[in-house]
Amino acid sequence: HWQQAQLSPRFGGLGFRSLALHSSAAFISSLASSELCSPDDIHMLQAVTRYNTQVSSQDSITVETILASPPLQKALSERLDDHTFQSLLSSSSPVNKARILSISAPHAGSWISVVPSTGLDLHLDNAECQVALRWWLGLDNSGGSTCPFCPDIGLDPLGHHAASCRHGGDVVSRHNHLRDIFADF
């Protein structure tokens with residue numbers, strides 16, 4: 001879960017960058033753009049070697065290519081995030097894979113970086129934020145509870161029953177609310 005949180009929101013994360021992971025990208029970009037680097041600079045060679053162990057082979061770089069066209073740190077970090085994202089996907093269960101793919105869809109993480117506005121009712125209170133973040137990261141939100149409308153059914157860790165239970169009326173009211181929003185267009 002922490003690995004996912006370290007990804008940018010574009011990849012379904014929270015943007016808590018790992019300094020250990022991204023330090024080589026920052027160093028490479030900084031030194032290459034300073035024009036003080038030579039092809040045999042030992043520090044650059046070490047940073048490139050470390051960076052190449054953190055990305056897929058197709059995203060590996062060489063000192064020569066860096067010196068010819070200094071990369072931006074953002075581009076190098078995106079390759080690191082992409083590699084981490086692919087690794088996370090390949091090790092996930094089908095349910096978690098579906099969750100990760102849905103939260104990494106375009107604009108799915110916009111709510112993470114938007115400025116809260118109480119005047120426009122675009123904010124989450126602490127409890128709502130905790131539930132949303134726990135769901136976003138695939139953490140257990142059930143708390144061992146059962147559904148208040150289906151007492152024989154325990155709430156699942158990812159909240160699927162709570163989001164789709166037809167006995168409490170939330171599914172119908174959510175449907176009607178979405179219908180009304182689209183009707184206003």
Side-chain angles (χ1 to χ4, degrees), residues 1-26 50-51 53-59 73-118 121-178 181:
H1 304 289
W2 182 241
Q3 186 181 28
Q4 180 189 338
Q6 292 176 338
L7 293 171
S8 71
R10 180 174 158 248
F11 287 97
L14 299 176
F16 297 142
R17 294 258 189 233
S18 163
L19 295 178
L21 180 64
H22 290 269
S23 63
S24 57
R50 181 163 184 237
Y51 178 83
T53 64
Q54 298 168 322
V55 295
S56 65
S57 58
Q58 67 190 25
D59 287 329
Q73 180 182 344
K74 180 179 180 177
L76 295 175
S77 286
E78 281 185 4
R79 291 178 186 169
L80 289 167
D81 276 352
D82 184 55
H83 182 72
T84 302
F85 177 76
Q86 295 303 327
S87 172
L88 194 62
L89 270 182
S90 68
S91 64
S92 292
S93 68
V95 170
N96 258 340
K97 190 177 285 190
R99 180 186 57 78
I100 292 168
L101 288 171
S102 72
I103 64 175
S104 63
H107 309 292
S110 296
W111 68 277
I112 293 171
S113 56
V114 73
V115 176
S117 171
T118 53
D121 198 28
L122 298 173
H123 68 284
L124 299 172
D125 65 31
N126 287 343
E128 291 169 332
C129 188
Q130 287 177 15
V131 167
L133 289 172
R134 292 181 70 73
W135 178 83
W136 189 261
L137 294 173
L139 298 170
D140 187 348
N141 258 326
S142 70
S145 301
T146 58
C147 176
F149 305 104
C150 310
D152 297 337
I153 297 180
L155 295 179
D156 59 289
L158 293 178
H160 295 143
H161 179 81
S164 61
C165 178
R166 297 192 178 274
H167 294 97
D170 287 341
V171 171
V172 172
S173 61
R174 186 169 40 253
H175 168 270
N176 291 344
H177 181 68
L178 288 172
I181 289 172

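Side-chain atoms are counted along with the backbone in the values below, which use heavy atoms only and exclude waters and symmetry mates.
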Does Gln6 reach the main-chain N or O of Gly13 with its side chain, forming a donor-acceptor pair under 3.5 Å?
no
Any donor-acceptor N or O pair under 3.5 Å, side chains Gln54, Ser24
yes
So, do Ile112 and Trp136 sit near enough that their side-chain heavy atoms are less than 4.5 Å apart?
yes
Sub-4.5 Å side-chain heavy-atom contact between Glu128 and Val131:
no
Close side-chain approach of Leu158 to Asn96, heavy-atom, < 4.5 Å:
yes
May I ask you to test the Gln86-Leu89 pair for a side-chain heavy-atom distance under 4.5 Å?
yes
Return yes when atom CG of Asn126 has more than 12 non-hydrogen atoms of other residues, nucleotides or ligands closer than 6.0 Å, and no otherwise.
no
Do the non-hydrogen side-chain atoms of Leu124 and Trp111 ever get within less than 4.5 Å of each other?
yes
A side-chain contact here means heavy atoms from C-beta on lying under 4.5 Å apart; do Phe85 and Ile100 qualify?
yes
Minimum heavy-atom distance Ile103-Gln4, with the two atoms named:
CD1-NE2, 3.1 Å
Do Arg17 and Ser8 touch side chain to side chain, with heavy atoms closer than 4.5 Å?
yes
Looking at residues at least two apart in the chain, or sitting in another chain, which of them share a side chain to side chain donor-acceptor pair (under 3.5 Å) with Ser77?
His22
Could you check if a side-chain atom of Val55 sits within less than 4.5 angstrom of a side-chain atom of Leu80, using non-hydrogen atoms only?
yes
Return the minimal non-hydrogen interatomic distance between Gly109 and Pro9, and the atom names on each side.
O-CB, 4.2 Å
Side-chain H-bond candidate by donor/acceptor type, Arg50 with Ser23, under 3.5 Å:
yes
Is any NZ, NE, NH1 or NH2 atom of the basic residue among Lys74 and Asp81 found under 4.0 Å from an Asp or Glu carboxylate oxygen of the other?
no
